[in-house]
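Here the structure is laid out as structure tokens; the discussion comes afterwards.
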Amino acid sequence: MPEPSCLVSVFQAQAEPAELPKERYIDNGLISIAELRYCARRRSIKGPRGPLPVWQIEERREVSSSGSFDVQIYRPSPPSTSQPALLYFHKGGYVSGDLDSHDAVCRVLAALTPCTVVAMDYRLAPEHPFPVAVMDAFLAAQWVAANAASLGIDLRCIAVGGDRASDNLAAAVSLLAQRMESPALAFQMLLYPLEWGDPELHASAAQVQTWCLQTNRDVERFVSGGPLPFGDRTSPLLAPDLPLALLVTAGCDPLRDGDWVHAGRLAAAGVLLPTEHKCYEGQLHRFASMAGVVENAGAALKEIVEALASKEEPLGPLPIETEDKQITSSTGTFGVRIYRTSSTWTSSPQPAVVYLHGGGFMVGDLDSHDGVCRALATLTPCTVVAVDYRLAPEHPFPAAVEDALAAVQWVAANAAALGIDPCRVAVAGDSAGGNLAAVVALLVKRAGGPKLAFQMLLYPVVGGSPELHPSHTDYREGFGLSEHDVKVFRTSYGSGPAGLPMGDHRISPLLAPDLAGLPPALVVTAECDVLRDEAADFARRLAEAGVPTGYKCFWGQIHGFFNLAGVTDRSKEAIKECAAALAEALRIPSDGKTN
């Protein structure tokens, strides 16, 4: 990136906003864009009372071959060593806001963190519609990284953040940086971000009215010039090497529920245990900018600043080393990913878990459950081998079963080369993966090996029916996985020439005639899950067959809650409990070192 030329000025006072434009364009009773921009500047004066002890504020106009933009740099103290930095994007629904409108918030962040805050003045819609703001924001991130040394910034610790629409920009910059492998970002701070929300799906968009966002129609108006960086109502695949995140929502905000969805996607993508989500009940949208007026808002902003300050050290993913391999068996080729922590790199063979992801036999891969596998490898700790089995409908039953069985056989056959103790290999999976784990345990028992030490089945589908298992009716819709979804997955999985042989225990392990002699099991269910009762029934049958079986139903949880471990405390507790049970079954000491 060419070195930009700079026009530099240092100032101490905030400029007064311009007079209210004489022209007022009222669109169906909504405030005009001119008025909106004027009000944004006026509101900035109502920031935290009194000057904050920010050592210096420097304004620059950066010019490069890719374009020009304005930045305002807030330094909390004279630079002695390289400092962490926060690249901050202002809110305003992409149509209002500037460097002055968020001066107060940036002063708070710089003074209390402390870190260098670089505020960026991106171009606004409708004059500059999508994707101009995204490109400006990404250009600013590249500029900060390229000039870190001269700015006195620690290149290893650059965060992005903002509030409302600007959080969408921060999240988009994180995605672009991850995809282009530059710049390296350490953290993302997302304050009530504008994640595209559907009022039919997210109750807060329909139920809550606030002063600055009257209805969801206002949200649509802000983004009518083009789709958000996340696309039309869906986000692209979030990779596990995205920066760690702090996501903040307000209880009385039409964007609240959409933000929960994005937090869940971050967690499911592998930004897992270190990801934090804070919802401040009773607060309105944009409460951070009211910190000097509303006492509770000020306390909330202080908490946010403290959370950001705790991320000053260079951040990175969980201490995991991964290795991807392609496995060829007699029935096909599939991928595996091997996870090892520092404590599993020893001279002694280590316990291992073969993990089979969920997804209705139709979706999911090594990336979709990377976070869960990292958490299990870290918390147990043990070697985790995740399996990228073939998916329906292109590869219907029994392709997934064949790949799952082949993966277990491959781990056992190559245990010495993998540094794995063949006597301490467990199989685990969630949802459809829980089905495959149970089926593999049945198949290796019938074949006489390889021997498994444990099976951990997380809300597995095992062949239940609405007639026998009431949860299929009680939670048929409105709780994530629906009864309709189950039928679609089941039909797709069994779309081979012979149809779906439901009586085959390789599809319905609940119907297997003999469960005796299977490895010890832990069966986990969620209260609000269509699969709850059939999984509980399977746990009962295992116990009746003499198999040492643990059963745990997590009340108040929905199907797939393991992937929310970075969002909800209960999900985080659940994954810790299951990892502890797995460690106990594989006899792993608390220090993670085995002999």
Side-chain angles (χ1 to χ4, degrees), residues 14 17 31 33 35-48 69-72 74 86-109 117-126 128 130 132-134 136-137 140 159-174 188-197 205 210-214 216 218-223 225 228-230 246-250 252-256 258-259 262 280 283-294 297 300-301 304-305 308:
Q14 177 177 318
I31 192 170
I33 291 175
E35 283 184 305
L36 190 67
R37 291 175 179 170
Y38 173 80
C39 291
R41 291 175 63 84
R42 291 295 300 175
R43 285 199 303 268
S44 69
I45 300 176
K46 299 179 181 179
F69 55 90
D70 292 331
V71 296
Q72 213 154 268
Y74 298 76
L86 170 65
L87 176 59
Y88 191 85
F89 307 113
H90 67 77
K91 71 176 177 66
Y94 310 108
V95 301
S96 69
D98 55 24
L99 293 177
D100 290 333
S101 67
H102 281 62
D103 175 79
V105 173
C106 292
R107 286 172 179 262
V108 170
L109 292 170
V117 174
V118 181
M120 191 264 173
D121 195 20
Y122 55 88
R123 288 173 287 176
L124 300 174
H128 303 285
F130 174 84
V132 173
V134 178
D136 285 355
V160 291
D163 56 325
R164 195 173 167 183
S166 62
D167 269 345
N168 184 285
L169 295 180
V173 167
S174 297
Q188 46 184 326
M189 182 185 72
L190 313 178
L191 308 182
Y192 32 86
L194 180 55
E195 170 80 356
W196 182 263
T210 67
W211 177 79
C212 62
L213 282 180
Q214 298 297 326
N216 198 65
D218 287 24
V219 179
E220 294 175 356
R221 178 173 180 266
F222 282 150
V223 298
L228 296 181
F230 295 135
L246 168 66
L247 193 147
V248 174
T249 57
C252 303
D253 185 352
L255 304 182
R256 181 197 65 204
D259 295 344
H262 187 59
Y280 289 93
Q283 296 297 326
L284 301 175
H285 189 79
R286 74 175 187 86
F287 69 85
S289 59
M290 304 178 192
V293 181
V294 180
L301 183 58
I304 295 168
V305 168
L308 179 63

Closest approach of [X] to [Y] (non-hydrogen atoms, all atoms of both residues):
{"X": "Met120", "Y": "Phe69", "answer": "CE-CB, 3.7 Å"}
{"X": "Leu124", "Y": "Gly97", "answer": "CD1-O, 3.6 Å"}
{"X": "Ser174", "Y": "Val160", "answer": "OG-CG2, 3.5 Å"}
{"X": "Asp121", "Y": "Asp98", "answer": "OD1-CA, 3.5 Å"}
{"X": "Tyr122", "Y": "His90", "answer": "OH-O, 2.7 Å"}
{"X": "Val134", "Y": "Ala172", "answer": "CG1-CB, 4.2 Å"}

- Examine Phe89 together with His102 and report whether their ring centres are nearer than 6.0 Å. no

- Task: Please check if the side chain of Asp136 supplies one atom and the backbone of Arg123 the other of a donor-acceptor pair under 3.5 Å.
- Result: yes

For the atom pair [atom1] ([X]) and [atom2] ([Y]), what is the distance rounded to the nearest 0.5 Å?
{"X": "Leu169", "Y": "Lys91", "atom1": "CG", "atom2": "NZ", "result": "13.5 Å"}
{"X": "Leu99", "Y": "Cys106", "atom1": "CG", "atom2": "SG", "result": "8.0 Å"}
{"X": "Asp103", "Y": "Gln72", "atom1": "CG", "atom2": "CD", "result": "6.0 Å"}

- Message: Contact between Leu109 and Tyr88 at the side-chain level, heavy atoms closer than 4.5 Å - yes or no?
- Response: yes

